Amino acid sequence: MLQLINIRENKEDVLKRLAIKNFKDAESILNSVLEKDAQRRAIQGEGDNIKAEANQIAKQIGELMKSGKKEEAEKVKIRTTELKQKEKELDEQLKLVEDEIHQLLVLVPNTPNLTVPLGKTPEDNEVVFEHGEKPKLAPGFVPHWDLTTKYNLIDFELGVKIAGAGFPVYKGKCARLQRALINFFLDRATAKGYLEIQPPIVVNEDSGYGTGQLPDKEGQMYHCTVDNLYLIPTAEVPVTNIYRDVILKEADLPVKNTAYTPCFRREAGSYGKDVRGLNRLHQFDKVEIVQITHPDKSYETLEEMREYVAGLLKELELPFRTLKLCGGDMSFASALTYDMEVWSAAQERWLEVSSVSNFETFQTNRLKCRFKDANGKTQLAHSLNGSALALPRIVAALLENNQTPEGIKIPKVLVPYCGFDIIN
RNA sequence: GGAGAGAUGGCCGAGUGGUCGAAGGCGCUCCCCUGCUAAGGGAGUAUAGGCACAAAAAGCUUAUCGAGGGUUCGAAUCCCUCUCUCUCCGCCA
């Protein structure tokens with residue numbers, strides 16, 4: 001959520017940035033927000049004056065009662081009846097207008113960084129980095145969903161029987177490979193100074209609102225209605241919510257956390273080849289990295305996180321590219337996002353495996369995650385997160401890219417984690 | 001799931017209708033003092049909103065004692081609802 005004070009003081013700049021995201025009606029929404037904000041302040045001013053007078057009178061009555069002047073006290077009471085009525089009205093108005101402001105503010109996406117490329121579709125994303133050679137596969141190569149059957153690695157039908165489509169059952173060496181990847185990712189993250197966290201994989205409503213999944217993306221989460229809990233779509237939700245309503249010390253920054261969790265996404269409405277095999281699932285595993293930083297440091301940190309994720313992909317020997325997302329392809333909450341895509345050699349397409357974003361104060365404003373700066377002033381921190389990494393597409397690319405007539409080769413770095421170097 | 005107790009500032013803890021944004025202690029910050037250490041003295045120490053101001057500081061003001069509602073001129077204190085924590089019983093990896 002954008003800060004009201006920022007809209008009030010830098011409206012032109014906010015509008016300029018929102019234009020990068022192709023956000024329609026920006027001006028009319030912001031004007032409406034400002035108008036209602038002016039109303040709000042007027043109402044509050046009036047209300048405060050009335051409350052101040054009422055408080056004054058209450059004090060007076062107390063003193064009169066104490067000195068036994070009951071009759072005088074009764075006289076003063078008459079005025080308070082009037083004040084109370086007015087106070088009630090103003091409180092209701094205030095609540096109403098505050099609610100309206102909030103309803104409008106949640107419609108407005110984060111303001112992108114000025115370096116975000118203009119554009120509307122994924123084609124407009126800017127390739128900022130590319131690494132590795134696309135492998136030339138031996139004739140007879142097949143996509144991963146055939147490999148998983150051939151080597152008995154994943155049973156998609158069995159998953160359908162137990163839960164439904166999008167819930168695969170991993171077996172044998174594939175199960176082990178996934179466990180290896182999780183451990184590899186967590187080891188690298190902790191070595192880089194991230195504190196490992198094992199959070200709950202369900203969250204309550206407050207947490208859903210805190211990171212912005214609620215109210216608008218409610219349909220994308222699995223909802224346990226009996227207890228009103230949501231299955232997390234990413235570890236970002238529970239981990240970032242650790243810092244909800246928290247005032248950190250400047251010395252605590254940056255906060256660096258990493259967490260492995262299963263992730264659950266309903267992804268209603270998707271179908272076709274994009275969702276074939278491991279490309280898109282309802283349940284998948286992911287290691288996430290989260291940082292809370294000083295506002296001056298967040299872009300530096302974003303680059304550092306991007307480098308870190310690129311390093312993982314290099315170690316896995318996967319060809320990849322890094323995209324700087326254009327305004328139209330960025331998420332609602334992000335100010336700047338890099339996507340990492342690996343080359344899937346048999347499908348002959350790029351698969352997104354990581355998304356690293358700086359949210360600036362967009363999340364922390366809603367979360368009320370602040371820190372005390374050197375002057376003792378509290379201000380909002382910046383939040384960032386990234387996948388490091390999401391497993392299924394990594395597995396898909398590893399299987400496809402490393403297939404040989406002899407079997408599927410495991411990258412060196414994973415061999416100690418897997419305990420084998422080939423799947424055959 | 002059943003029975004009981006409780007929720008107050010960074011922490012501990014007092015406070016059962018007005019003098020309470022809240023005693024006292026601990027912690028923290030700054031200053032003073034003692035050659036060092038230990039001890040001692042003083043001051044400060046929540047968050048959010050509004051007013052005013054060129055702006056900052058100071059100032060004035062409103063709200064907040066788990067959350068929401070109610071009673072009252074006046075609520076941390078009384079009443080209702082909810083949430084959470086603890087103890088005992090039951091169930092259980």
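Quantities reported herein were computed from a predicted structural model and do not represent experimental measurements. In what follows, every chain begins at residue 1, and chains take the letters A, B, ... in the order their sequences are listed.
As judged by a 4.0 angstrom heavy-atom cut-off over every strand, A:Lys95 is placed among residues touching the sugar-phosphate backbone only. Using a 4.0 Å heavy-atom distance criterion, A:Asn49 is classed as making no nucleic acid contact. Within the 4.0 angstrom heavy-atom criterion, no nucleotide atom of any strand lies near A:Ile57. Here A:Lys372 lies in heavy-atom contact (under 4.0 Å) with sugar-phosphate atoms only. Using a 4.0 Å heavy-atom criterion, one finds that A:Lys51 contacts the sugar-phosphate atoms exclusively.
A 3.5 Å limit on both hydrogen-bonding distances identifies B:G50 as the Watson-Crick or G-U partner of B:C60. For B:A22, there is no paired nucleotide, since no Watson-Crick or G-U wobble pair has both relevant distances below 3.5 Å. Using N1 to N3 plus N6-O4 or O6-N4 for Watson-Crick, or N1-O2 and O6-N3 for G-U wobble, each under 3.5 Å, B:G44 pairs with B:C28. B:A75 is unpaired under the criterion used here, namely a Watson-Crick or G-U wobble arrangement in which both key atom distances are under 3.5 Å. Pairing for B:A38 is absent, with no Watson-Crick or G-U wobble pair whose two atom distances lie under 3.5 Å. Remark: B:A7 base-pairs with B:U83. Criterion, Watson-Crick or G-U wobble with two distances under 3.5 Å. Base-pair partner of B:C33: not found among the strands shown (Watson-Crick or G-U wobble, both distances under 3.5 Å). A 3.5 Å limit on both hydrogen-bonding distances identifies B:G2 as the Watson-Crick or G-U partner of B:C88.
Atom name C1', nucleotides B:C26 and B:C33: the rounded distance is 23 Å, in whole Å. If you take atom C1' in B:C84 and the same atom in B:A75, they sit 23 Å apart, rounded to whole Å. Between B:G21 and B:U62, the two C1' atoms lie 13 Å apart (nearest whole Å). Look at the C1' atom in both B:U29 and B:G10: the space between them is 13 Å, to the nearest Å. B:U64 and B:A57 have their P atoms separated by 25 Å, with the value rounded to a whole Å. Using C1' as the reference atom, B:U77 and B:G66 are 16 Å apart when rounded to the nearest Å. Taking atom P on both B:U45 and B:A58, the two are 11 Å apart, rounded to the nearest angstrom. Atom name C1', nucleotides B:U37 and B:A76: the rounded distance is 44 Å, in whole Å.
Residues A:Thr234 and A:Lys286 form a side-chain contact, since some pair of their non-hydrogen atoms from C-beta on lies under 4.5 Å apart. The shortest side-chain heavy-atom distance between A:Pro117 and A:Asn125 does not fall under the 4.5 Å cut-off. A:Val128 places a side-chain heavy atom less than 4.5 Å from the side chain of A:Tyr338.
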Tabulate below the donor-acceptor pairs under 3.5 Å that side-chain atoms of residues 91-103 of chain A make, not counting sequence neighbours, or state none.
from	atom 1	to	atom 2	distance (Å)
A:Asp91	OD1	A:Lys51	NZ	3.2
A:Glu100	OE1	A:Lys36	NZ	3.1

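Taking the charged nitrogens against the carboxylate oxygens, A:Glu304 and A:Lys256 do have a contact shorter than 4.0 Å, which makes a salt bridge. A salt bridge does not link A:Lys75 with A:Glu72: none of the charged nitrogens is closer than 4.0 Å to a carboxylate oxygen.
Residues A:Phe371 and A:His294 bring their aromatic ring centres within 6.0 Å.
Between A:Gly47 and A:Thr378, the residue whose closest nucleotide on RNA chain B is further toward the 5' end is A:Thr378. Each of A:Arg40 and A:Lys84 lies near RNA chain B, and the nucleotide nearest A:Arg40 is the one positioned closer to the 5' end.
When RNA chain B is scanned in the 5' to 3' direction for atoms under 4.0 Å from non-hydrogen atoms of chain A, the outermost contacting nucleotides are B:G18 to B:G74.
The side chain to side chain donor-acceptor pair (under 3.5 Å) search around A:Asn31 returns A:Lys11, not counting sequence neighbours.
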